[in-house]
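Keep in mind it's a predicted model, so treat the numbers as computed, not measured. Throughout, a chain's letter reflects where its sequence line sits, starting with A, and its residues are numbered from 1. Only this structure's heavy atoms are used, side chains among them; waters, hydrogens and symmetry mates stay out.
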Amino acid sequence: MAENNGDTILELKDITKIFPGVKALDGVHFNLRKGEIHALMGENGAGKSTFIKVITGVHAAEEGKMFLEGKEVRFRGPKDAQEAGIAAVYQHPTSYPTLSVTENIFMGHEKLSGRMIQWKQMNADAQELLDRLDADFKPTDEVGALSVAQQQMVEIAKALSMDAKIIILDEPTASLTANESEKLYGIVEKLRDEGKSIIFISHRFEDMYRLASRVTVFRDSRYIGTYDVNGISNEDLIKAMVGREIKDMYPKEKVEIGDVVLKAENLSRTGFFKNVSLEVRAGEIVGLTGLVGAGRTEVMETVCGITQADTGRILLNGKEFNPVNPKTAMDAGIVLLPEDRQKEGLILTWGLGRNVTLPIQEDVAKNGMNNEAKEREISKKYLEDVDTKAVTIFQPANSLSGGNQQKVVVAKALAEDGVKGMKVIIMDEPTKGIDVGAKAEIYSIMVDLAKKGFAIVMISSEMPEIIGMCDRIYVMCSGRMTGCLERNEATQERILELAMAESKEVSA
Amino acid sequence: MAGKSGREISASKAVSLKDRLLTWEGALVLVLIGVQIFGLVISDNYNAVNVLREMPKYLAEIFMLFGMGYILILGDIDISVGSIVCLSATMACFAGNGGAPFAVVIFVPMIVGLLCGMLNGLIATKFTELPTMIVTLGTQIIFRGIAEVSLGSGGSVSMKDQSGLIAMSKKIGPFPLSFFFVIIAAVIFITIANRSTFGRKLYAIGSNRTAAYYAGIAVQKCRFICYALLGFLAGVCGLFLLASLYGANTTTGNGFEMEVIAMCVFGGIATTGGKGNLIGGFIAAFVIVCLRIALGQRNINTQVILVVIGAMLIVSVLIPAISAAITKNKKRKAV
């Protein structure tokens, strides 16, 4: 934990932030050097977001001091922080989607001549900033039509346009594909080389190893330590973040593989995917990967009855099966953990219990009337089984963190299995945006399900978990199945090669 | 895979009397009592017998309250019901005057209403991208247009053989017959909304339509059923309206849709879907009816009564916002 005050640009000491009833930050420290990329890590709820809001002037800390280039500063609002040269870029950029790139970049600090906006000048300046970032879009494009990665670039350009010295990136890679992340890495490194200081928040270890020189860890609102990235092992870092040792991140076990349960033959849906075939056996965990937009989710949605394929057939236990809506798929024993748990998986304003029993309310009902007592019993059991951090089954789902919300979605699937007996479970990005501790728990639930004889499909963009958890890995590219790898032959390189096999026609 | 931490999650819900009274429905009961006191103070004729005597002409509308409640809980809306009332009452008169026995005439408005509701449901579920406000605005104009064309130049029709309708407006003790029908309907529809799997589905759809669909709920089927049901209840409303008006004209049922929506919203059912309780809507309906009767007895102009009801409606939707602002302010001071 070396200190070097000579080139420290930003320093925070003993920062404490109290919200009614909770200490969101408890005497934390942070030290950022000039021209460094500094990773900030910790589980969901560790206090990273609050800390960032203190730096950017959104929240005022109750205690502690903040030094910018050696001088003590006190921000009264975000504008103070902006003027001091601090800018933040968020995972989901909060831009103005119907306005142009130029308008977004210069929002709040337009170039004026008298009272007139200098469009020509602004467009030229925007183009210059975009060139610096190697952006593949124009200043006149509408921001809403850009991808998330491109929107982040607009935000970065905005930070540059304000001459920010310190740029904070809050989980920028969470919604990006491997390719886009790679490009972002390049930009971040370039910014560092230009002398900017960068705080990088991420759940992904790859991000940290790839970019950062130092890493600061928070846990339960407290400062745990600052480490040189080269000097700390993966295990020690996880231990620092979680507070306990996770012996085996991927607890994959060998289970007896049974018969083919789910089989898809030449499924096609115009505009989404073509001639996709795959099979999943009982006890097997099968990965389905590829770049975002390769058609993975869409294929599985036809299996779950959410949309229908144009041609091809689906076989369940050898019998042809035509899921016309989610209900038919569920009744046949297929359960889906949707990718977007907030929009598709949960009713956020409802209590946890009602969420868990929503798909099975009719199975436990008596004469069409809800059996509330039975539902409470079931939801309590499964929520406890997956170790949800909740006080009561009546608290609304939006009161939980992302990881715990995902556990509620899992409990919902398990309750369905408990009541009706399911066969196939399809998990779409089951660990997206959740912390390392909760991830490990989701993985161990997957192994338990495999042991029970479930056929499991995991859609994921995260290579380590695909390689660590799956028996077989299907790879898709631009709506086509480009290959299938066995567990022992799967490497990041092979998967990426198949995921980007655009022009080559490979059949599974 | 038992919970590793052994953390217990509570599943018992103790609701105290205080909590029950602090709900919107509890507050509405107090408002209803307040309206009775108000009635007794301003009018010498305000008593149970007189209120019940004047009630039938308002009761008919309350049938639609339940269907509208379902539609609003779904996050949908239907503004065509006033026209359905008009069309169904008109058709019933034509059927009766054309010589159909009263046993048949009773079913005519219900069937007409059901068909109109099914048409609304069909359009709303087949073209899900259309805003239902606009769909039912269209059918509102169509249904009333059909009624007006059928009524011809006179613009009105009255039932020639009124014996059946007179029988319908009979009383059992001081209570009008329709009062019992409304109570029975209330018990059935409130139970379905609050206790049945179908009711739960409506709340799920209104709270998050996508998640409801993913959870295996037949979203469009539920919506269709609710539109058809509301149409049917508008037909029932048309029938009971005939029993107090003995005829129909081009303005029959005018503005009923807004009055029914107002009752629901005043009762705490949000137009954004997924929120509220039919019990609240039911109590709110009686608050409005009693207020009208009380003000009517003092010969206060109908238009003034509308102003009062409109103001009450706005205050009722403002209260949650105001209380939220107060809590927020308190928190800020506490920090």
Side-chain angles (χ1 to χ4, degrees), chain A residues 18-20 62 304-306 325-331 336 338 340-350 352-355 357-362 365 367-370 372 376-377 379-381 383-395 412 414 416 441 444-445 447-449, chain B residues 1-15 19 73 75 125 187-188 190-222 225 270 272-276 327-335:
Chain A
I18 301 163
F19 288 119
E62 271 76 29
C304 300
I306 289 162
N325 55 41
K327 180 108 179 94
T328 45
M330 281 161 52
D331 288 343
L336 169 73
D340 189 338
R341 55 185 162 258
Q342 306 214 331
K343 281 204 193 103
E344 299 158 354
L346 292 171
I347 297 176
L348 290 173
T349 50
W350 277 23
L352 310 179
R354 290 236 161 141
N355 267 295
T357 54
L358 183 59
I360 51 162
Q361 57 153 346
E362 285 187 318
N367 306 322
M369 292 293 144
N370 284 117
E372 304 254 5
R376 281 201 286 270
E377 183 190 316
S379 58
K380 177 178 156 72
K381 173 182 182 329
L383 285 166
E384 282 176 2
D385 274 0
V386 297
D387 212 8
T388 316
K389 281 189 192 134
V391 180
T392 130
I393 63 165
F394 301 108
Q395 74 187 83
K412 191 172 161 183
L414 294 179
E416 231 184 312
E441 288 172 52
S444 80
I445 291 169
V447 172
D448 287 332
L449 290 171
Chain B
M1 67 197 93
K4 283 142 213 140
S5 65
R7 179 182 293 109
E8 180 144 359
I9 301 172
S10 159
S12 57
K13 194 176 205 175
V15 184
D19 286 344
I73 288 168
T125 54
V187 171
I188 293 172
I190 291 172
T191 308
I192 290 174
N194 294 355
R195 298 250 180 269
S196 77
T197 56
F198 182 74
R200 180 85 62 86
K201 286 181 192 173
L202 303 186
Y203 281 97
I205 295 167
S207 302
N208 182 342
R209 204 183 272 195
T210 313
Y213 180 62
Y214 274 67
I217 292 171
V219 175
Q220 302 310 338
K221 189 171 138 198
C222 287
I225 290 171
T272 44
K275 271 198 218 103
T327 354
K328 206 176 160 191
N329 206 20
K330 264 190 201 155
K331 265 187 194 160
R332 201 181 295 144
K333 277 183 187 152
V335 170

K.L.:
Does this structure show an ion pair linking B:Arg200 with A:Glu372, if we count only N-O contacts that are shorter than 4.0 Å?
P.N.:
yes
K.L.:
Please report the shortest heavy-atom distance between A:Arg376 and B:Ala11, naming the atom on each side.
P.N.:
CD-O, 3.1 Å
K.L.:
Can you name the nearest heavy-atom pair linking B:Ser196 to A:Asn370, along with the distance?
P.N.:
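The answer is O-OD1, 2.9 Å.
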K.L.:
What is the distance from atom NZ of A:Lys327 to atom NZ of B:Lys221, rounded to the nearest 0.5 Å?
P.N.:
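Result: 9.0 Å between the selected atoms.
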K.L.:
How far does CD1 of A:Ile393 sit from OG of B:Ser12, to the nearest 0.5 angstrom?
P.N.:
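Interatomic distance, A:Ile393 CD1 to B:Ser12 OG, rounded to 0.5 Å: 8.5 Å.
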K.L.:
As an exercise: rank A:Val391, A:Leu348, A:Leu352, A:Ile360 by heavy-atom pairs under 4.5 Å with chain B and give me the winner.
P.N.:
A:Val391
K.L.:
Answer yes or no: is there a donor N or O on one side and an acceptor on the other, between the side chain of A:Glu384 and the main chain of B:Glu8, under 3.5 Å?
P.N.:
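Judged by distance alone, no pair lies under 3.5 Å.
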K.L.:
For the candidates A:Gln395, A:Met330, A:Arg354, which exhibits the highest count of non-hydrogen atom pairs separated by less than 4.5 Å from chain B?
P.N.:
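Counting heavy-atom pairs under 4.5 Å, the top option is A:Arg354.
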K.L.:
Sort B:Lys275 into side chain, backbone, both or neither according to what part of it lies under 4.5 angstrom from a heavy atom of chain A.
P.N.:
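Neither part.
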K.L.:
Is A:Lys343 close to chain B through its backbone or its side chain, or both, or neither, when contacts mean heavy atoms under 4.5 Å?
P.N.:
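Contact with chain B: backbone only.
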K.L.:
Picking from B:Ala211, B:Gly199, B:Ser207, B:Ala212, which has the most non-hydrogen pairs under 4.5 angstrom with chain A?
P.N.:
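Looking at each of B:Ala211, B:Gly199, B:Ser207, B:Ala212 in turn, B:Ala211 comes out on top.
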K.L.:
So which of A:Asn355, A:Asn367, A:Thr388 has the biggest tally of heavy-atom pairs under 4.5 Å with chain B?
P.N.:
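Highest number of pairs under 4.5 Å: A:Thr388.
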K.L.:
Heavy-atom pairs under 4.5 Å with chain B are the metric here; pick the option from A:Lys381, A:Glu377, A:Lys389 that has the most.
P.N.:
A:Lys389
K.L.:
Please report the shortest heavy-atom distance between A:Leu383 and B:Ile9, naming the atom on each side.
P.N.:
CB-CD1, 3.7 Å
K.L.:
Ignoring hydrogens and geometry, is there a side-chain-to-backbone donor-acceptor pair from B:Tyr214 to A:Leu336 under 3.5 Å?
P.N.:
no
K.L.:
Judged by atom type as modelled, is there a donor-acceptor pair below 3.5 Å linking the side chain of B:Asn208 to the main-chain atoms of A:Glu344?
P.N.:
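No, the answer is negative, given that no donor and acceptor are paired below the 3.5 Å cut-off.
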K.L.:
List the atom of A:Pro326, the atom of B:Tyr213, and the distance in Å for their closest heavy-atom pair.
P.N.:
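Nearest heavy atoms, A:Pro326 then B:Tyr213: CG-O, 3.2 Å.
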K.L.:
Can you measure from CZ (B:Phe198) to CD (A:Glu362) and round to the nearest 0.5 angstrom?
P.N.:
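Going from the CZ atom of B:Phe198 to the CD atom of A:Glu362 covers 10.5 Å.
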K.L.:
Which pair of non-hydrogen atoms, one from A:Leu358 and one from B:Ala215, has the smallest distance, and what is that distance?
P.N.:
CD2-CB, 3.8 Å
